[in-house]
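In what follows, a single structure is set out as structure tokens and then discussed.
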Protein chains: 2
Amino acid sequence: MTDRTTLKDVAKEAGVHVSTASRALNPLTSAVVNTDTLERVAAAARKLGYRPHPLARGLRTNRTMSVGMVIPDVENPLFGPIIAGAESVLVDDGYSVLIGNADGDPASADAVIASMLDRHVDGLILATAARTDVAIERARERRVSMVLVNRTIEDGSVPSIVGDDHAGIGLAVQHLASLGHQRIGHVAGPSKVSTGLGRRQAFLSWIQAVGLEADPDLVEEADWFQVEPGFRAGLELLRRHSEITAIVGGNDLLALGCYRAIRTLDLEVGVDVSVTGYNDIPLLDLMQPAMTAVRVPYRQMGAQAAATLLAQMADTGDAPPASIKLTPSLAVRSSTAPPPDQTNP
Amino acid sequence: MTDRTTLKDVAKEAGVHVSTASRALNPLTSAVVNTDTLERVAAAARKLGYRPHPLARGLRTNRTMSVGMVIPDVENPLFGPIIAGAESVLVDDGYSVLIGNADGDPASADAVIASMLDRHVDGLILATAARTDVAIERARERRVSMVLVNRTIEDGSVPSIVGDDHAGIGLAVQHLASLGHQRIGHVAGPSKVSTGLGRRQAFLSWIQAVGLEADPDLVEEADWFQVEPGFRAGLELLRRHSEITAIVGGNDLLALGCYRAIRTLDLEVGVDVSVTGYNDIPLLDLMQPAMTAVRVPYRQMGAQAAATLLAQMADTGDAPPASIKLTPSLAVRSSTAPPPDQTNP
DNA sequence: CTCTGCTCCGCAAACGATTGTAGTATCGTA
DNA sequence: TACGATACTACAATCGTTTGCGGAGCAGAG
């Protein structure tokens, strides 16, 4: 078994003490070592293919060069880009990413966070819902850097990177209004989740902003961000207000549920009733009709979260918890069109 | 700053030497320590909330209790379930999962693997393509346990967990044949990828098995597992053989490309031409028409990979590299139907 | 009464790095 | 020549555990 080459080996090869070798190899301390011994050590390290032992280093320096990412549900395609974005910038700085799946369960998220803290991660990126306050508190006690992504917490005490839901809903509402829609409904996500509530409020505010009547009755809440609840809510909404010609979905899946609701009423999506989604998950462009959706830059979101975390870890600790909202864009497809002409049916 | 409680603290609290405390807390060595001192140590540990320091332990025992997962492309929704499945069983055994994204680039995959080896992961789960032989070789030199998932390597020297493509294609072909289709085409993935080639061969073999003519001209290869190449290949195939009434897609996205090709020719999916997908990615059931697809148990695949890895790490090293094929199932939806009746059009 | 064997626990050396401190040349200057 | 400053480098402690080894205490056998 080829034993790993240690710093001692390098030192011996270069004919210096191990501490000198350490200093030579560390960019921060290499200034204090003579130029040609430095060269000698570097050569020896290169020759022996020396790789520092992260555990030994971490034990001494109290840093693991790893960050934990807690994902509420890895199977949700939404989080792929977030992970990829974060990973790509963290790797560049030499960090490794520990992934933790909460499987949709807040208690499980707590356990995952605890396990990561046990492992001495240098930082945490949390994509989990708001109800992990305990875990967040515990993490803060341990003075672990933290960034929230995609979801945020009420008091803003932890920096968070989220999509600008207000702006995103604005894009959808403005788009529909400019097409000529007068009665626009909203199928909202559960209001116990920040995104559900936020988008609902944004919807009402924008409806007013474009000069329409902000009738709370035009909003129907779905139990959960899924197709089936979206279907039920959409159906209810359309039954209650048959005059609705457009629906802003709180989510792509909710919007897809609305597709079904519209068809159930023998109407046509994108003709009788326009629909917009939110998030722009893959394959939306292949739906019939292709769905117009607010696109949230998830990969960038992950990258930004990682960058923020790095900054926070580098700082002495008194960094201002800068929360960032990323502005979404609108992917216009064929599920939205001018309302049917009522004058000559 | 509340300093972490160390084993020394526990030992002092219990009035024993640190080594005794260590033995008491370790289930494997606790037999050698007296029952009531053991109790005392356990009580002290509990009282102080002692958590062993993984770095210190790992440094001594040469184990990090972490495994690396290398994913070719985290943004591909396919890998979510694999990750989730693996994570769930690894966590139960106290392992953490290090995620590495190769971003579709084999060279990047090598770098990721190297970085993980530097970090002394105890095992590797590789979902990357076949061309990482160098990295695999290097890993084997380091005597790191390894399992391949979703893709396999030619010589079978590394245990792999893959879907049974032969059986899966069989499900699709048998289903179509039993509906009465006589001329069935196949839009294959690139043959340089094992799944592309394997499914193509399986297709021809099954066509013969159900008593149809295995005409290689009924297979059209797409450049890549994406919608657009699938569209082009499907169009080419249908132009060449207008008698085709069913297409077996090498992939869900290829099959979706075929949807478009069929429509381009003014035909109707699930009426004039039946289509089957492969993998059963999310949202296929919401397509128009809902797509019949071979469903691969990805979550189970991840879990199985993790279990195999655990077994391999536990063994002394001379475990038989048992490769496992998971049998898929068929989700029948409305993109497949009996062929149009040619006698009375 | 001594010797052997057993059980339990403490001592100290690792594991591989980082880092404060002390020591030794070397040089310049008086 | 001697002395102080400067520039490197070696020594050794340390991070928190694990673990081989030896020693203390005690009981039973001869």
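Just so it is clear, the values below take in all heavy atoms, side chains as well, and ignore hydrogens, waters and symmetry mates. Keep in mind that what you see is a predicted model, and the values were worked out from it rather than measured. Proteins come first, then strands; the chains are lettered A, B, ... in the order of their sequence lines, and each starts at number 1.
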* Is there a side-chain contact between A:Phe79 and A:Val74, using heavy atoms and a 4.5 Å cut-off? ->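 They are not in side-chain contact.
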* To do: Report yes if the side chains of B:His53 and B:Thr6 come closer than 4.5 Å at any heavy-atom pair, otherwise no.
  =>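 No, every pair of side-chain atoms sits at 4.5 Å or beyond.
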* Residues of residues 32-44 of chain A with any non-hydrogen atom less than 4.0 angstrom from an atom of DNA chain C: list those, numerically ordered, please. =>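 DNA chain C contact set from residues 32-44 of chain A: none.
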* Asked: Rounded to whole angstroms, how far apart are NE2 on B:His17 and P on D:dA24?
  ->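 Rounded to whole Å, this separation is 15 Å.
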* Interatomic distance, A:His120 NE2 vs D:dC15 P [rounded to whole Å] ->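 One finds 13 Å between P of D:dC15 and NE2 of A:His120, rounded.
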Could you state the interatomic distance from [atom1] ([X]) to [atom2] ([Y]), rounded to the nearest 0.5 Å?
{"X": "A:Leu310", "Y": "A:Asp122", "atom1": "CG", "atom2": "CG", "answer": "10.0 Å"}
{"X": "A:Ile161", "Y": "A:Arg151", "atom1": "CD1", "atom2": "CZ", "answer": "15.5 Å"}
{"X": "A:Ile113", "Y": "A:Leu126", "atom1": "CD1", "atom2": "CG", "answer": "4.5 Å"}

* Only counting residues at least two apart or in another chain, list the ones meeting side chain to side chain contact (heavy atoms under 4.5 Å, CB included) with A:Val144. =>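 Scan of A:Val144 (side chain to side chain contact (heavy atoms under 4.5 Å, CB included), adjacent residues dropped) gives A:Leu117, A:Leu124, A:Arg142.
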* **side chain to side chain contact (heavy atoms under 4.5 Å, CB included) partners of A:Pro81, counting only residues at least two apart** =>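 A:Tyr298, A:Arg299, B:Glu75.
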* Asked: What bend angle does the helix from C:dC1-D:dG30 to C:dA30-D:dT1 show across its length, from five-pair end axes and to the nearest 10 degrees?
  ->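 Here the local axes at opposite ends form an angle of 70°.
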Listed partners of [X] passing side-chain hydrogen bond (donor to acceptor under 3.5 Å, both in side chains), at least two apart:
{"X": "B:Asp93", "value": "none"}
{"X": "B:Arg119", "value": "A:Ser96"}
{"X": "B:Lys8", "value": "none"}
{"X": "A:Gln304", "value": "none"}

Are there any protein N/O atoms within less than 3.5 Å of an N/O atom in nucleotides 15-18 of chain C, and if so, which ones and at what distance?
unit_1, atom_1, unit_2, atom_2, d
C:dG16, N2, A:Ala56, O, 3.2
C:dA17, OP1, A:Tyr50, OH, 2.8
C:dA17, OP1, A:His53, N, 2.9
C:dA17, OP2, A:Thr6, OG1, 2.4
C:dA17, OP2, A:Leu7, N, 2.3
C:dA17, O5', A:Tyr50, OH, 3.3
C:dT18, OP1, A:Arg57, NE, 3.2
C:dT18, OP1, A:Arg57, NH2, 3.4
C:dT18, OP2, A:Ser22, OG, 2.6
C:dT18, O2, A:Arg60, NH1, 2.1

With 3.5 Å as the limit, what N/O pairs link the protein to nucleotides 22-24 of chain C?
none

* **Partner residues of B:Arg51 under the salt bridge (Lys or Arg N to Asp or Glu O under 4.0 Å) criterion, sequence neighbours left out** =>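 B:Arg51: salt bridge (Lys or Arg N to Asp or Glu O under 4.0 Å) contacts with A:Asp118.
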* State which residues pass salt bridge (Lys or Arg N to Asp or Glu O under 4.0 Å) with A:Lys325; sequence neighbours excluded, sorted by chain then number. =>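 Residues passing salt bridge (Lys or Arg N to Asp or Glu O under 4.0 Å) with A:Lys325: none at all.
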